[in-house]
Structures are given as C-alpha cells and as structure tokens.
Amino acid sequence: MIVRKLRLQRSWSQEQLSQVSGLSVRTIQRIERGQKSGLESLKSLAAVFEIQVNELQQESEMKNHIQLTFEEENALEYVKSIKDFYTHLIIYIAVMSFILISHMLSSPDDYTGVLICAAAWGTGVVINGLVAFEVFSLFTPDWEKKQIERRLGRKL
C-alpha cells in the first residue's frame, strides 16, 4: 500500500514505476498488494522514491507518515470498480461469443436459450456498469458508514 501511495503521489502508472525502478510490473503489483518482497526490490524502490529501505520494510511505521486521504481511498475504490466492470464485460463478451458459436455449430435453428442467457447475464453486466460509473448506487458511502458504526456498536 505504501508503494502505491508513493507511486500515485507522483502520478505514475505501475508500468512507469517499472521502467524507472527496473522491476517487473508483476513485482510491483505483488508489493502493492502487500506481499513480501526481496531486499533488492526494496532497494530499487527506495532509490526511486528517495527514501530509506527500512521505511519500506516497516509498513506500520510508514503508515504513520503516509496515510491515504478519504478522497484518495474513494478514488482508488472508484477506479477498482470500473476495472472490475470492464473485466466483467470482457468475460461476458468472450463467453457469450463462445456459446453463440457453439450453438450455431450444433443446433442453428433455435436461439432461445442463447438469447435468455445473454439477456440474463447482460442485465447483470448493465447493472454492474451503472453501479461502477455511479449512475446509481444501492450502497452509498452513508449506508456503509452507518453499517460500520452499527457493527462497532457506536451510535450515530
């Protein structure tokens, strides 16, 4: 998370960080997800961000120095939901294309089952897109806050 924060402060993509650090994009992704990284990787990142290696090694210490703001957390969550939507859409298109082609080869007379499948799953994709792009939201931040406060036993 710290590497992501430092990367975003510089408005770099993972690919750009990969180029300047000499690490692979996959390594950067793993480090940003909180997985253990080697000393050489940490040295490369520390050099790029102009910080000490031990600051990257001690995540809890770094959290005291660098916190994601509420707006940054929301932006990250928004981008993640859009990415998830596009992933869902690509999978939908690929699977429905396979089903359609398979059906055309096996029984090209009746497409009722394919249409029902496409419509049902397609409805889910559309709803996913509407929520991802915040056209409407069933679970607003206020709803989330109330649920968290209720779970923690706090009164609002």
Side-chain angles (χ1 to χ4, degrees), residues 1-37 41 44-45 48-49 56 59-60 62-156:
M1 190 58 123
I2 300 306
V3 172
R4 177 189 287 172
K5 170 71 175 179
L6 293 168
R7 176 177 61 80
L8 291 175
Q9 284 178 341
R10 289 163 177 77
S11 301
W12 290 345
S13 67
Q14 289 177 335
E15 290 79 15
Q16 289 170 315
L17 178 56
S18 170
Q19 290 172 351
V20 296
S21 68
L23 300 173
S24 71
V25 174
R26 182 154 163 64
T27 299
I28 291 169
Q29 290 170 342
R30 285 195 332 258
I31 293 170
E32 286 188 359
R33 283 194 305 261
Q35 294 179 357
K36 190 114 171 116
S37 58
S41 297
S44 296
L45 291 171
V48 168
F49 294 128
L56 290 174
E59 177 118 358
S60 60
M62 283 297 289
K63 285 183 181 179
N64 294 331
H65 297 294
I66 301 174
Q67 289 285 332
L68 290 177
T69 65
F70 181 72
E71 291 80 17
E72 290 170 328
E73 287 285 348
N74 283 342
L76 287 171
E77 191 63 35
Y78 178 73
V79 171
K80 183 183 179 319
S81 69
I82 291 173
K83 178 182 158 192
D84 291 345
F85 164 70
Y86 283 127
T87 301
H88 188 186
L89 180 63
I90 289 167
I91 292 169
Y92 170 76
I93 291 169
V95 171
M96 288 310 303
S97 297
F98 175 77
I99 290 172
L100 180 62
I101 291 169
S102 298
H103 190 75
M104 288 171 57
L105 296 174
S106 63
S107 57
D109 297 335
D110 184 24
Y111 290 96
T112 307
V114 174
L115 292 175
I116 291 172
C117 181
W121 191 0
T123 301
V125 171
V126 169
I127 291 171
N128 184 302
L130 292 173
V131 170
F133 288 102
E134 297 178 349
V135 174
F136 77 91
S137 180
L138 300 174
F139 306 109
T140 64
D142 287 337
W143 177 86
E144 288 180 22
K145 183 179 177 183
K146 287 177 186 176
Q147 295 303 313
I148 291 168
E149 294 297 328
R150 193 174 99 214
R151 179 75 176 157
L152 294 173
R154 299 179 188 157
K155 298 212 181 215
L156 295 176

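All values derive from a computational prediction rather than experimental measurement.
Atom NE2 of His103 sits about 10.5 Å away from atom CD1 of Ile99, to the nearest 0.5 Å. A distance of 10.5 Å separates SG of Cys117 from CG of Leu100, quoted to the nearest 0.5 Å. Atom CZ of Phe85 is separated from atom CD1 of Ile90 by 9.5 Å, given to the nearest 0.5 angstrom. Rounded to the nearest 0.5 angstrom, Ser81 OG and His88 NE2 are separated by 13.5 Å.
Contact check for Phe49 versus Gln9: no side-chain heavy atoms found under the 4.5 Å cut-off. Using a 4.5 Å heavy-atom threshold, the side chains of Ile31 and Leu56 count as separate. Contact annotation: the side chain of Met96 approaches that of Val114 to within less than 4.5 Å [non-hydrogen atoms, C-beta and beyond]. Here the side chains of Arg150 and Lys146 are not in contact, with every heavy-atom distance at 4.5 Å or above. Looking only at side-chain heavy atoms (C-beta outward), Val131 and Asn128 stay at 4.5 Å or farther from each other. Looking at heavy atoms from C-beta onward, Leu76 lies in side-chain contact with Leu8 at the 4.5 angstrom threshold. Here the side chains of Gln16 and Arg10 are not in contact, with every heavy-atom distance at 4.5 Å or above.
Scanning all heavy atoms of the two residues, the minimum distance from Ala132 to Ile82 falls at O-CG1, 3.9 Å. Closest heavy-atom contact between Gln14 and Glu32: NE2-OE1, 2.8 Å. The two residues Ser44 and Ser21 come nearest to each other via the heavy atoms CB-O, 3.6 Å.
Partners of Asp110 under the side chain to side chain donor-acceptor pair (under 3.5 Å) rule, at least two apart in sequence or in another chain, are Thr112. Lys83 pairs by the salt bridge (charged side-chain N to carboxylate O under 4.0 Å, His left out) definition with nothing, not counting sequence neighbours.
Under the 3.5 Å distance criterion, the side-chain polar atoms of Thr123 are matched with a main-chain donor or acceptor of Ala119.
Note: Trp121 and Tyr92 have perpendicular aromatic rings, judged against thresholds of 30 and 60 degrees for the angle between ring planes.
Residue-environment remark: OH (Tyr78) exceeds the threshold of 12 foreign heavy atoms within 6.0 Å.
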Practice task
Given side-chain contact (heavy atoms from CB on, under 4.5 Å), test Trp12 with Ile28 step by step and report yes or no.
Solution key: CA-CA 12 Å; Trp12 290 345; Ile28 291 169; over 6 Å; no

